[in-house]
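Report on the following structure.
Note that the numbering runs from 1 along the sequence shown for the chain.
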Amino acid sequence: MVSESKSPYLRAVLESIPAYKPGRKVVGPDGRSMKLSSNESPYGPLPSVREAIARAAADLNRYPDPGSTELVTRLAAHLGVPEEHVTLGAGSVGLLQQLLATVGEPGAEIVYAWRSFEAYPLLVGLSGAESVQVPLKDETHDLEALLDAITDDTRMVLVCNPNNPTGTTVRERELVDFLDRVPDHVLVVLDEAYREYVRDAQTPDGVALYADRPNVAVLRTFSKAYGLAAVRLGFLVAHPHVTAAVQKTLVPFAVNHLAQAAGIASLDAEDELLERVATTVKERERVREALLASGWTVPPTEANFVWLRAGQDTLDFAAACAEVGVSVRPFDGEGVRVSIGTPEENDTFLAVATTYAKRR
Ligand code: PMP
C-alpha cells in the first residue's frame with residue numbers, strides 16, 4: 001500500500017470535478033443498442049470523407065500542419081470571413097478550454113446560463129476561474145439576468161444558442177440588444193454547436209453578428225451536423241486579437257492530420273451532409289409533435305435533440321428507455337435530453353415515451 005502522505009500535491013479544484021465515467025451501453029431484448037444520449041449524427045461518414053481519411057492515413061508518421069492552413073483557408077472562404085478570424089481546435093470543447101486558458105485565472109468570473117452544456121462548469125473550474133450560473137427562464141437564456149450578473153471581474157459570458165439541453169434559442173433582437181450592452185472588457189462566446197439545425201429565421205447567425213464586435217467570438221463544430229465527433233474538430237470565429245491569443249494556448253498539434261483531411265472533405269461534401277441535417281430536422285418536428293400529443297412538455301427545439309421535463313420521473317423514465325435499448329441523457333430531478341436518431345430509433349423511443357406518458 002503506497003502512503004497518501006507521500007503523494008504529490010494536487011490542485012483542490014480537482015476534487016470538485018467528477019472523474020470520467022464511461023457511459024453504460026444499453027442493450028434491448030432484441031440485442032439492439034440505440035445511443036440517443038450524446039447528440040451525435042446517427043449517420044456514418046460519407047464514402048468521400050472516409051476515402052479522404054484513408055488517404056491521409058498514409059502520412060501518419062509526420063506531424064500535422066500545426067496551423068491547419070488549408071482547412072483554415074477553406075473555412076474562411078466558406079464563411080466569408082478573413083483567414084485571421086478563424087482558428088481550429090480539438091473539438092469546440094477543446095477551443096472552449098483554450099478560450100478559458102486565454103481569459104480565466106483565479107479571481108476571474110465566467111457567466112453562463114444554467115442548465116446548459118455540462119462541460120461549462122468543469123472547464124471553468126479547471127481554468128481557475130469562478131462559475132457564475134444564471135438560471136434559465138422558461139427553458140431559455142435570461143439575457144437581462146446575465147447582464148445583471150456581469151461585474152468588473154467578469155471575463156467571459158457564454159451564450160449557448162441553441163441551448164444544450166433545452167434546444168431553445170435566443171432571438172436576434174434580444175441578442176443584439178444584449179451585445180450592445182455588454183461591457184467591452186467581457187468576451188461574449190456564442191456556442192453554436194448546433195447551428196446547422198436551426199430553422200427559426202429569428203435565431204441569429206453568430207458569424208453575422210461578430211463582425212463589428214471585437215468582443216464577440218463564435219464557436220462551431222464538425223462533431224454534429226458534419227458527423228465527425230470522433231475526429232475532434234471545431235472552429236472559432238473571432239477578431240484577430242482573440243484568435244491569435246487562443247492559438248497560443250493550443251496543445252501543439254492537437255488538431256490532427258486525419259481531422260484536417262476529414263474537415264476539408266466534409267466542406268466538399270456539404271450538400272450531401274446538409275441533406276442529412278434536413279432529415280434530422282424533419283424527424284425532430286415529428287418526434288416533438290408525437291411527444292406533445294402524448295402529454296409531455298417539450299419546449300420548441302432548434303437543435304438535434306428534444307428536452308422532456310420529466311421532473312421526479314427522470315431516472316425512472318431513462319431506465320424505461322434503457323430497457324428497450326435506448327440510452328438517453330437524464331438530469332436527475334429535472335429532465336431528459338434525447339437526441340434525434342434515425343427514424344427507426346426515434347420510433348423505438350417514441351413507443352416507450354408515449355406508453356410512459358399514459359401511466360404517468
Ligand atoms: N457545445 C455544445 C453546446 C455541445 O452540446 C457540445 C457537444 N455535446 C459541444 C460544444 C462540444 O462539441 P465538440 O467538442 O465535439 O465540438
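Pairing each heavy atom of Ser38 with each of Ser339, the nearest pair is N-OG, 3.6 Å. Taking every heavy atom of both residues into account, Val93 and Leu123 meet most closely at O-CD1, 3.9 Å. When all heavy atoms are compared, the tightest approach of Leu315 to Pro330 is CD2-CB, 4.0 Å. Residue Ser266 comes nearest to Tyr226 through the heavy atom pair CB-CD2, 3.7 Å, listed as atom of the first residue, atom of the second, then distance. Nearest heavy atom pair, residue His257 against residue Pro64, reads N-CB, 3.6 Å. The nearest pair of heavy atoms linking Glu285 to Thr301 is OE2-O, 4.2 Å.
Sorted by first and then second residue, the salt bridge (charged side-chain N to carboxylate O under 4.0 Å, His left out) pairs involving residues 240-258 (not counting sequence neighbours) form an empty list. Listed by first and then second residue, the salt bridge (charged side-chain N to carboxylate O under 4.0 Å, His left out) pairs that reach into residues 193-221 are Arg171-Asp200, Asp180-Arg213, Glu192-Arg220, Asp205-Arg220, sequence neighbours excluded.
Hydrophobic clustering (ILVMFWY, side-chain heavy atoms < 4.5 Å, transitive): Leu179 and Leu219 are in distinct clusters. Under the 4.5 Å side-chain heavy-atom criterion for grouping Ile, Leu, Val, Met, Phe, Trp and Tyr, Leu158 is not connected to Val111 through any hydrophobic cluster. Leu136 and Leu143 are members of different hydrophobic clusters when ILVMFWY side chains are connected at heavy-atom separations under 4.5 Å. Under the 4.5 Å side-chain contact rule for hydrophobic residues, Val124 and Val134 do not share a cluster. Under the 4.5 Å side-chain heavy-atom criterion for grouping Ile, Leu, Val, Met, Phe, Trp and Tyr, Val157 is not connected to Leu100 through any hydrophobic cluster.
Annotation: the span from Gln202 atom CD to Glu302 atom CD amounts to 10.0 Å, rounded to 0.5 Å. Thr297 OG1 to Leu292 CG: the interatomic distance, rounded to the nearest 0.5 Å, is 8.0 Å. Atom OG1 in Thr203 sits 16.0 Å away from atom OH in Tyr197 (nearest 0.5 Å). The CG atom of Leu250 sits 11.0 Å away from the CD atom of Gln97 when rounded to the nearest 0.5 Å. Interatomic distance, CD1 of Ile17 versus CG of Leu126, reported as 4.0 Å (0.5 Å rounding). Remark: Leu233 CG to Leu71 CG distance equals 6.0 Å, nearest 0.5 Å.
Residues passing the salt bridge (Lys or Arg N to Asp or Glu O under 4.0 Å) test with Glu345, sequence neighbours excluded: none.
Remark: of the listed residues Leu209, Thr169, Val188, Leu209 is the sole one forming a side chain to side chain contact (heavy atoms under 4.5 Å, CB included) with Leu175.
Annotation for Trp307: hydrophobic cluster partners, listed by chain and number, are Phe331 (ILVMFWY side-chain heavy atoms under 4.5 Å, direct or chained).
Defined by atom type and a distance below 3.5 Å, a donor-acceptor pair is missing between the side-chain atoms of Glu334 and Thr314. Between the side chains of Tyr112 and Ser131, at least one donor-acceptor pair of N or O atoms lies under 3.5 Å. Between the side chains of Asn163 and Ser116, at least one donor N or O lies within less than 3.5 Å of an accepting N or O. A donor-acceptor contact under 3.5 angstrom links the side chains of Arg32 and Thr348, judged on distance only. Inspection of the Ser68 and Gln260 side chains reveals an N or O donor paired with an N or O acceptor under 3.5 Å. Side chains of Tyr356 and Asp316: a donor on one and an acceptor on the other come within 3.5 Å. When only modelled atom types and interatomic distance are considered, Thr249 and Gln98 share a side-chain donor-acceptor pair under 3.5 Å. Between the side chains of Arg337 and Asn164, at least one donor N or O sits under 3.5 Å from an acceptor N or O.
Checked against the 6.0 Å centroid criterion, the rings of Phe235 and Phe222 qualify as a close aromatic pair.
Phe178 is not listed as a side-chain neighbour of Val170, based on a closest heavy-atom distance of 4.5 Å or more.
Counting non-hydrogen atoms of neighbouring residues, nucleotides and ligands closer than 6.0 angstrom, the CD atom of Glu130 reaches no more than 12 such neighbours. Heavy-atom contacts from other residues, nucleotides or ligands closer than 6.0 Å to CG of Asp152 number 12 or fewer.
The backbone N or O of Met156 lies less than 3.5 Å from no partner atom in the side chain of Thr154, so there is not a single donor-acceptor pair. Listed for the Arg155 side chain is no donor-acceptor partner under 3.5 Å among the backbone atoms of Ala108. Looking at Ser327, its side chain never comes within 3.5 Å of a backbone N or O of Val26 through a donor-acceptor pair. In this structure a side-chain-to-backbone donor-acceptor pair under 3.5 Å is missing from Ser37 to Lys35. No side-chain donor-acceptor contact under 3.5 Å links Arg309 to the backbone of Val298.
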Can you list the steps and then say if Asp177 with Arg173 is a salt bridge (Lys or Arg N to Asp or Glu O under 4.0 Å)? CA-CA 6 Å; Asp177 179 55; Arg173 207 153 33 89; over 6 Å; no
Please lay out, stage by stage, how Glu283 and Arg288 fare under the test salt bridge (Lys or Arg N to Asp or Glu O under 4.0 Å). CA-CA 8 Å; Glu283 279 294 290; Arg288 178 164 180 262; over 6 Å; no
Hey, mind stepping through Leu190 and Val216 against side-chain contact (heavy atoms from CB on, under 4.5 Å) and telling me if it holds? CA-CA 7 Å; Leu190 306 175; Val216 175; 3.9 Å; yes
Could you pull out every donor-acceptor pair under 3.5 Å between side chains of residues 48-63 and any protein atom, sequence neighbours left out?
none

Determine all donor-acceptor pairs shorter than 3.5 Å in which one atom belongs to a side chain in residues 83-92; sequence neighbours excluded.
{"from": "Glu83", "atom 1": "OE2", "to": "Thr73", "atom 2": "OG1", "distance (Å)": "3.4"}
{"from": "His85", "atom 1": "ND1", "to": "Tyr210", "atom 2": "OH", "distance (Å)": "2.6"}
{"from": "Thr87", "atom 1": "OG1", "to": "Gln247", "atom 2": "NE2", "distance (Å)": "3.2"}

